[in-house]
Peer 1: 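Please read through the structure below; I'll follow up with questions.
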Number of protein chains: 2
Amino acid sequence: MLKKTNGPTLVDVAREAGVSLKTASRALNDDPGIAPATAKKVRTVMSRLGYRPNELARGLKGRKSAAIGMVVPNLADPFSASAVQAVQEVARKNGHVVVLTSSGGDELLEREELETLVRRQVDGLIIAPADGRTSTVDSFISANIPVVSFDRPISNSNIDSITVTNRDSVREATEHLLSHGYRRILAIGARPHLYTGSERVAGYVSTMKRAHLKKETYLVENESDLDPEVIQKLLKKGPGKLDAILTLNGITTMLVLRVLRQLGKRVGSDIALISFDDFELAEILTPSLTVVRQPAAELGRRAAELLFTRMQSKKPFPRQEIVLSTTFHIRESCGCTQNI
Amino acid sequence: MLKKTNGPTLVDVAREAGVSLKTASRALNDDPGIAPATAKKVRTVMSRLGYRPNELARGLKGRKSAAIGMVVPNLADPFSASAVQAVQEVARKNGHVVVLTSSGGDELLEREELETLVRRQVDGLIIAPADGRTSTVDSFISANIPVVSFDRPISNSNIDSITVTNRDSVREATEHLLSHGYRRILAIGARPHLYTGSERVAGYVSTMKRAHLKKETYLVENESDLDPEVIQKLLKKGPGKLDAILTLNGITTMLVLRVLRQLGKRVGSDIALISFDDFELAEILTPSLTVVRQPAAELGRRAAELLFTRMQSKKPFPRQEIVLSTTFHIRESCGCTQNI
DNA sequence: GATTTGTTAGACAACGTTGTCTTATGTGAG
DNA sequence: CTCACATAAGACAACGTTGTCTAACAAATC
């Protein structure tokens, strides 16, 4: 068989430099116990041959891969994208690389991806779990890999989590709508089986309750994959006129805006709207969109930092549950008139 | 020293099943030359022990990592994000994993990242090169790794590339503006040192020339990191009134829209605008934005497919230069009135 | 001058897996 | 009954690196 032509190895370097394999290794790693002159000589040979250490071999020997794995539902989602970018930056600073996979929100696929990552010996994992149940990851705890859950916590586990104030943020938004005098408010777009979804709905419901509104006026529409027609119907029927809409995630905001436009409803005047999740152009819209913005990059950064702390710490420390605040950007769509 | 408690290895499986290491390996890989009964016995032990193959060791032995590397300027950019998502999907179908890094458009960092990836023995690379010169990657050709360049070609090399019709797309947009009767058109946001930038400007300039417009009326503003004030000045001064703006990338579109809003200029009526790059909310804006949309996901998918074809092909084949079409979405900001 | 100490270098095994080659076992042909 | 032959299983080395232990040698101590 033809030997695959690969780059030079440490053995080649050692031979060429007239030293032993181990000495070459020492030069490579700035190990102590090597004469500066020898080290220099070896390094010269290395650059002459264009030697590149094989990280696979290193990882195998050292039982670490210098890689962390990250699983998100969908990378094309700007929220995930920002987070991943931040994670990647932190990873680089720590000399690690990010192996990225997406689960499509599918629990089965998520399991597979996690399995793949663990087999690749990643040193740590950051997951935005498709499901909040512990089942998916518990088998990996046995693999002794530090895991940080991101965007959603994993219940009944002692896995670190980084989340945002979903409930309180929606509460704030709802209160703002109430303060405008709106009473018939539709909360739409939650996936109630997800942590984020149920928290956001809870924020809405509790606020409406506290305002002593009759239960019949709570309007919650769960499915997030609503097709336009469903939304259209919702807007038309409803028990009485709808005052305001609270969209509980970015995709829903898009859908709702599109339908409102088709119906000729003017946002801000005909009907108020607050969006959970910000958009690049939200400020430019007429009317500009009032939004709850999640600190996506910060979330990613903190998740990665926590993960590395966990990875580097000799002693175990208690589960961390970090909750970051969202920011509320009052613009025009909520009924406020903006003074620029 | 305390031995790191790791999961079971093939040796453990073999011992437990009462077979040799090699036989266990055969059971794992469905190798021929093993009795079905033996294979079943071994596999039972595997799942009982929760055995997970170590991909690092496999990679080292087989001289392949089952990973591809991808380098993009900035992952938070929706264009990159969509492409990465698509790449990841193709990679999974091919049993590979994606190691993702971002260069921040910095050539030096890009080099470092590439080096890291090659050291990790990735089986292939997809790059959106920060610079179109060959220097950055030529050292990796020696590493015999298939490379596909993405969004921008690498000149003077025989590296495959996937790009879009930058020049023709801008030509189409420019012609559309001219057909509205606009003559004083500002093309803004190109980074002329990048392939995409120079191509887009070339599309603009050649179209203006062909329309026999005087050279003084060409208005090209290069820097993409324009701060708002610069844009503001451009809009105010200029030799005569500005008819239209052609923004040559998404970030610039954002900036320009914001400034126009501040100046109280109404897009579509006061001044026309076409954006290279689409936005999620572009359709919802008033006026809705006429845009050139790049098929980001398709670009990523094709890049990955080409890469895998290259990786799997025994015989080398000629350099591929795939050029995908953009789509032109005529909405309102160009001066057209949309009939919904 | 013999012994200790410290420095530098090398030999060898190991990480977990698979490729190559060999050996054991049974099966059918002559 | 012997030989060839397929089938199944094992022994051993190898992938490229680093950890452990030992060897060589010079300098320093007594």
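Throughout, protein chains are lettered first and strands after them, A, B, ... in sequence-line order, and every chain is numbered starting at 1. Computed from a predicted model, the values in this text were never measured in an experiment.
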Peer 1: Is there a side-chain contact (heavy atoms from CB on, under 4.5 Å) between B:N29 and B:R58 once you walk through the steps?
Peer 2: CA-CA 11 Å; B:N29 297 293; B:R58 275 201 207 210; 3.5 Å; yes
Peer 1: What contact category does A:T9 fall into here, base, sugar-phosphate, or nothing, at under 4.0 angstrom with non-hydrogen atoms?
Peer 2: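 If one applies the 4.0 Å heavy-atom cut-off, A:T9 turns out to touch the sugar-phosphate alone, with no base involved.
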Peer 1: Look at A:R52 and D:dG16 and indicate whether a side-chain polar atom (N or O) is within less than 4.0 Å of OP1 or OP2.
Peer 2: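 Answer no for this pair, as no side-chain N or O of A:R52 is under 4.0 Å from OP1 or OP2.
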Peer 1: Closest-nucleotide mapping onto DNA chain D: is B:P36 or A:V11 further toward the 5' terminus? I mean the 5' end.
Peer 2: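 Nearest-nucleotide comparison on DNA chain D picks B:P36.
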Peer 1: Specify the angle, to 10°, made by the local axes at the two ends of the helix from C:dG1-D:dC30 to C:dG30-D:dC1 when five pairs are taken at each end.
Peer 2: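 Answer rounded to 10°: the end axes differ by 60°.
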Peer 1: Can you pull the ring pair (Phe, Tyr, Trp, His ring centres under 6.0 Å) pairs that have at least one residue in residues 9-45 of chain A, sequence neighbours excluded?
Peer 2: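 Ring pair (Phe, Tyr, Trp, His ring centres under 6.0 Å) check on residues 9-45 of chain A returns no pairs.
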Peer 1: Measure the distance from CG on B:D30 to P on D:dA8 and round it to the nearest whole Å.
Peer 2: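 Value for this atom pair: 14 Å.
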Peer 1: In whole angstrom, give the distance that lies between atom CZ of B:R63 and atom C1' of C:dG19.
Peer 2: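 It works out to 12 Å between those atoms.
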Peer 1: Taking atom C1' of D:dT20 as reference, at what distance in whole Å does atom CG of A:D31 sit?
Peer 2: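 Nearest whole value for this atom pair: 13 Å.
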Peer 1: Please list, chain by chain and in numerical order, all residues satisfying side chain to side chain contact (heavy atoms under 4.5 Å, CB included) with A:A91, sequence neighbours excluded.
Peer 2: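 A:A91 satisfies side chain to side chain contact (heavy atoms under 4.5 Å, CB included) with A:I68, A:H96, A:V98, A:F308 only.
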Peer 1: State which residues pass salt bridge (Lys or Arg N to Asp or Glu O under 4.0 Å) with B:E112; sequence neighbours excluded, sorted by chain then number.
Peer 2: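 B:E112 satisfies salt bridge (Lys or Arg N to Asp or Glu O under 4.0 Å) with no residue once adjacent residues are dropped.
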Peer 1: Each nucleotide N or O in nucleotides 9-13 of chain C that has a protein N or O under 3.5 Å away: list the pair and distance.
Peer 2:
residue: C:dA9; atom: OP1; partner: A:T38; partner atom: OG1; Å: 2.3
residue: C:dA9; atom: OP2; partner: A:A35; partner atom: N; Å: 3.0
residue: C:dA9; atom: OP2; partner: A:T38; partner atom: OG1; Å: 3.4
residue: C:dA9; atom: N7; partner: A:R26; partner atom: NH2; Å: 3.3
residue: C:dG10; atom: OP2; partner: A:S20; partner atom: N; Å: 2.7
residue: C:dG10; atom: OP2; partner: A:S20; partner atom: OG; Å: 3.1
residue: C:dG10; atom: OP2; partner: A:T23; partner atom: OG1; Å: 2.7
residue: C:dG10; atom: N7; partner: A:R26; partner atom: NH2; Å: 2.7
residue: C:dG10; atom: O6; partner: A:R26; partner atom: NH2; Å: 3.4

Peer 1: Please list, chain by chain and in numerical order, all residues satisfying side chain to side chain contact (heavy atoms under 4.5 Å, CB included) with B:L108, sequence neighbours excluded.
Peer 2: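 Result, side chain to side chain contact (heavy atoms under 4.5 Å, CB included) vs B:L108: B:D106.
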Peer 1: Can you name the ring pair (Phe, Tyr, Trp, His ring centres under 6.0 Å) partners of B:Y51, sequence neighbours left out?
Peer 2: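 Counting only residues at least two positions away or on another chain, B:Y51 forms no ring pair (Phe, Tyr, Trp, His ring centres under 6.0 Å).
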Peer 1: Measure CG/B:L60 against C1'/D:dT17 and give the value in whole Å, please.
Peer 2: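 That distance rounds to 8 Å.
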Peer 1: Looking at B:S25, I'd like to know whether one of its side-chain N or O atoms comes within less than 4.0 Å of OP1 or OP2 on C:dT18.
Peer 2: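 Yes, B:S25 has a side-chain N/O under 4.0 Å of OP1/OP2 on C:dT18.
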Peer 1: Roughly how many Å is it from CD in B:Q121 to P in D:dG16, rounded to a whole number?
Peer 2: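 Whole-Å distance recorded here is 9 Å.
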Peer 1: Round to the nearest Å and state the distance from A:R58 atom CZ to D:dT18 atom C1'.
Peer 2: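 The distance from CZ of A:R58 to C1' of D:dT18 comes to 9 Å, rounded to the nearest Å.
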Peer 1: Quick one: side chain to side chain contact (heavy atoms under 4.5 Å, CB included) partners of B:R48, sequence neighbours excluded?
Peer 2: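 With sequence neighbours excluded, B:R48 shows a side chain to side chain contact (heavy atoms under 4.5 Å, CB included) to B:E16, B:V45, given in chain and number order.
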Peer 1: Among C:dT17, C:dC15, D:dT17, which nucleotide has an atom closest to any side-chain atom of A:A57?
Peer 2: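 For the A:A57 side chain, the nearest candidate turns out to be D:dT17.
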Peer 1: For D:dC15, take OP1 and OP2 only and decide whether either is under 4.0 Å from a side-chain N or O of A:N54.
Peer 2: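 No, no such contact exists.
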Peer 1: With sequence neighbours left out, what residues match B:A81 under side chain to side chain contact (heavy atoms under 4.5 Å, CB included)?
Peer 2: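 If we apply the side chain to side chain contact (heavy atoms under 4.5 Å, CB included) test to B:A81, skipping adjacent residues, the hits are A:A81.
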Peer 1: Run B:S103 and B:E113 through side chain to side chain donor-acceptor pair (under 3.5 Å) and show every step you take.
Peer 2: CA-CA 7 Å; B:S103 64; B:E113 294 294 355; over 6 Å; no
Peer 1: Between C:dG19 atom P and B:L28 atom CG, what is the distance in whole Å?
Peer 2: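 That distance rounds to 11 Å.
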Peer 1: Rounded to whole angstrom units, what separation is found between the CG atom of B:N29 and the P atom of C:dG16?
Peer 2: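 Answer to the nearest Å: 17 Å.
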